Amino acid sequence: MPPASTNGHHGDPTLLAAHEARGLLARREMSSVELTKAVLERITRLEPKLHSFLTITADLALKQAEEADRRLAGHGPAPTPLTGIPVQLKDNISTEGVPTTAGSKILAGYVPPFDATVVERLKTAGAVMVGKGNLDEFAMGSSNENSAYGPVHNPWDVTRVPGGSSGGPAAAVASGECFLSLGSDTGGSIRQPAALCGISGMKPTYGLVSRYGLIAFGSSLDQIGPLGRDVQDCADMLDVISGKDPRDGTSLDSPAGGFSAALKPGGVKGMRIGVPREYLVDGIEPGVRSAFQRALTELERQGASIGETSLPLSDHALTVYYIIAPSEASANLARFDGFKYGYSPKQARTAWETMDMARGNGFGPEVKRRILLGAYALSSGYYDAYYKKAQQVRTLIRAEFTEAFKRFDCLVTPTSPTVAFKLGARTDDPLAMYLSDVCTIPVNIAGLPGISVPCGLSDGMPVGLQFIGPQMGDATVLKAAYAYEQSTAWHKMRPAI
Amino acid sequence: MEYEPVIGLEIHVQLSTKSKMFCGCAADYQSAEPNTHVCPVCMALPGTLPVVNRQAVEDAMMIGLALNCQVASATKFDRKNYPYPDLMKGYQISQFDSPICITGWLDLQDENGEPVRVRINRVHMEEDVARLIHIAGPDGGPGHTLMDVNRAGTPLMEVVSEPDIRSAAQAEQYIETVQSIIRYLGVGTANMEEGSFRCDANVSVRPRGESKLGSKVEVKNMNRVKAVTRAIDYEVARQIKVIRDGGRIVQETRGWDDGQGATVPQRSKEEAHDYRYFPEPDIPPLKITSDMVQQVRSKLPELPAAKKARFQYQYGLSEYDSALLTSSRAMSDYFEAVGAAASGTSLDDRRAFAKETSNWLTGEMSRLLNEAQQDISSVRVKPAQMASLVETFRRRDLNNATAKAVFQEMYRTGQDPEVIIDAKGLTKVADTNSLGLVVEQVVSANKVAVADYVAGKETALRFLMGQVMKASRGQADPEITMRLLRERLEVLKASR
């Protein structure tokens, strides 16, 4: 086993996994208020270096922690695995009474009057909310450099990006600023930053988790999911947030929860695991490749049967994504017109001027680029060649995965072709930036569950391993990832910050 | 050359569902204080999602079935993108290429009574926008605009006809028939003045006998049926004049200016929006099984055309009377309730009673309702009271003028006719003995008129008739009076 840069976190409760901290709370060795204070102190200390929060809700957190302590002491409803655990929420998830900006100037000052369904569920479970996570503006980006409020720094090396768009959540979980965070994943926005920050992050099956309250980017691709220090934590959080929501017409009729209960060591024994060769070609860093190969060896050692497979249509997923996601975004972002909420230019004299100025000044360059791309792809005369064609290819990509899952229980790939890159390295080259998500995008295109877990280091930076399952195969990917994780120690690594 | 108008209508019908199209807010925006029937969904707060109102889907199916449409087995929603401050999301959720109902028809009659079939292209579901109220500034200075979000997200159905209408009169008939169907179904109020029923017209002209369509002009902004017919007439004449003067019709959108009595250019084809329609990703396609269609079909009430035909054969009413009585579901229901309260048993009896009832309802009742701008559903006269009045009248216990006076009192107070008649001593003098006495008095008191009659002046009879009515304070039965007077005078004539 390679040396992990563990940081002797046994003395520091903020660096435990949530299920470990839960033990402290359950045994009353520590109160939720004490744990929350420790986390808030850590936030105060690290934020100048990381900037993974856009809003810190210390007062709310302490109030919720007191409530959790009462609950842990046996008053009120029975505690859940998340009761008293400090969590963060990506700032595109609506929180009642707490600013929600989606990382955009156009939503500066907007305070939602309602909670997203996932937030309601976390509150009911007794989680403690410490703040809102930084992100690429409207979740559009792979490095968190598109945040209108400034970038997030990778806790393993602050000169590098944390990945994106859930860069804040990934950096916060990795650095001990919270135990768990909720992100959103449209093309890899949970899994890629999780990989780049050395933590676990999961995008569930499309429709497993309600999108109600998630500020939409690409509606047919967006999915909320957990980021945590290990698979167990992700499963615990998924248990709380999953399940049918009548407010989301695309939410699936699925039983909530049960994911954590399905985890067991050695769970990959007898599993048929496929390795799609298209995910291992050009552009993969040697360090990532070798970490991936070692992970395959480990899975095989545990009794999984590894087989090569081919998903040739995945090569088109990136193209399809950059038509469908911007098209949907061009409509989703039309509501930001400067009249109703957020930034409204006071100097505008007419309705049209208000719209022009609000959108002109309120949106950043990447958001504008994608709105233009999407509006173009949908426009009369181009629709058939772009949007319609992309949807047809999407159907084929889905079918190709369905075929593959007749032969395999799950697939594994590297999560990202590279480790975290330097801040600024790709900002002038949108195409190079878009390639960061080449291994994660097909999963969104097909609506499948995918999870990234740490599988090694390359140049001292974490590498992620992605498990992909069939539709509604969320328990399968969690089980496989858990079994892998439990036989390695990568999930115990903490950055030295 | 003679030109023929070619007209297609696009009708927007507001549904009277309890809640809005995609959220649980109350849909009755008109009665509420501005911006009180709102929630995060219809205000388009970031992160909110639409959930389809099942009742609205059923209503749309029902409208489609009533217009002889096919209900699609699968239907989906689409986003129609265009920026406007009243459009909360920046796009309207509508239906583009797979509407819920397609290919129906509506049968009308042209000006010569010949049948005309207007084909229906589609019925689709969409949502309404917020209401903007523009407030002018003082002395023509900059004004401001108020927004009422209550209306945003209320359900709308769009009914699109094929270009099968050939005149303003047919358009009027088409609109009124659709309105009547909507009200019969109980799914909307279909009131143009209130805006719960809106109509745009696609108008073109072509040489008579030509089958190719001319360039069409979309005419908007008509808020009464009369405005639609005037706008069509104006637009048809305008287009014919342009062509006759050697010009060409260009495809454009024009607005009806009621004050000017003219259509004015609004938008050229080049300025038309590219709506960038695409499937609404937040709403999965709806599957509609034949069971669901069957269920809705079983709830369809008898529709105006069928009811009208039934009134003709069942009650022996004229087509004209049947049409008047079935023009609204409430009126036809009232008519049948009066019939149900009557005592007649033989077919002839029931038919004669029905005819009399029809006369009352289409005559006095409609007159008073019109005067009071009232609807039959809120009238004070109960069907049983109406039946009693009609029966009394048919027994000739009241003459025409008295019966009308009784009815007016009933209409005003809701009292039983018997009560009113008793209170005012209004029974008709039909008793030949007492009438004979009055006739005798009048004949002896008006020697000159009698002499005129005897000398062959028929008009003298009318004067004497008036004198009898006067003497009986209007309660004499005119028919009997006339008979008695004539008998008496003929006797005098013969004995001369």
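Nothing here was measured: the structure is a model prediction, and the numbers come from that model. In what follows, chains are A, B, ... by sequence order, proteins preceding strands, each numbered from 1. Side chains included, hydrogens not; waters and symmetry mates left out as well; all remaining heavy atoms used.
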Can you pull out the donor-acceptor contacts between chain A and chain B, under 3.5 Å, including backbone atoms?
from: A:Arg211; atom 1: NH1; to: B:Asp282; atom 2: OD1; distance (Å): 3.1
from: A:Arg211; atom 1: NH2; to: B:Asp282; atom 2: OD1; distance (Å): 2.9
from: A:Gly213; atom 1: N; to: B:Gly47; atom 2: O; distance (Å): 2.6
from: A:Asn332; atom 1: OD1; to: B:Arg79; atom 2: NH1; distance (Å): 2.8
from: A:Asn332; atom 1: OD1; to: B:Arg79; atom 2: NH2; distance (Å): 3.2
from: A:Arg335; atom 1: N; to: B:Lys89; atom 2: O; distance (Å): 3.2
from: A:Arg335; atom 1: NH1; to: B:Ala44; atom 2: O; distance (Å): 3.3
from: A:Arg335; atom 1: NH1; to: B:Leu45; atom 2: O; distance (Å): 3.1
from: A:Arg335; atom 1: NH2; to: B:Tyr91; atom 2: OH; distance (Å): 3.3
from: A:Lys340; atom 1: NZ; to: B:Met88; atom 2: O; distance (Å): 2.8
from: A:Tyr341; atom 1: OH; to: B:Ala44; atom 2: O; distance (Å): 2.5
from: A:Ser380; atom 1: N; to: B:Asp274; atom 2: OD2; distance (Å): 2.7

With chain B as the partner, which of A:Gly213, A:Gly381, A:Pro113, A:Ala116 has the greatest number of non-hydrogen pairs under 4.5 Å?
A:Gly213
How would you list, by chain and number, every residue that makes a side chain to side chain contact (heavy atoms under 4.5 Å, CB included) with B:Leu213, sequence neighbours excluded?
B:Val6, B:Pro163, B:Arg206
If you tally heavy-atom pairs under 4.5 Å against chain B, which of A:Ala351, A:Ala375, A:Ala216 wins?
A:Ala375
Count the heavy-atom pairs under 4.5 Å between each of A:Ile93, A:Leu214, A:Leu107 and chain B, then report the option with the highest count.
A:Leu214
Go through the atoms of B:Pro85 and report whether side chain, backbone, both or neither lie under 4.5 Å from a heavy atom of chain A.
both
Which bit of A:Pro112 is near chain B, if near means a heavy-atom gap under 4.5 Å: side chain, backbone, both or neither?
neither
Just give me the residue among A:Phe339, A:Phe336, A:Phe114 that pairs up with chain B most often, heavy atom to heavy atom, under 4.5 Å.
A:Phe114
A:Ala390: partners by side chain to side chain contact (heavy atoms under 4.5 Å, CB included), with sequence neighbours left out:
A:Val320, A:Ile323, A:Ile324
What pairs with A:Ala317 under side chain to side chain contact (heavy atoms under 4.5 Å, CB included), at least two apart in sequence or on another chain?
A:Ile397, A:Ile441, A:Pro442, A:Ile445
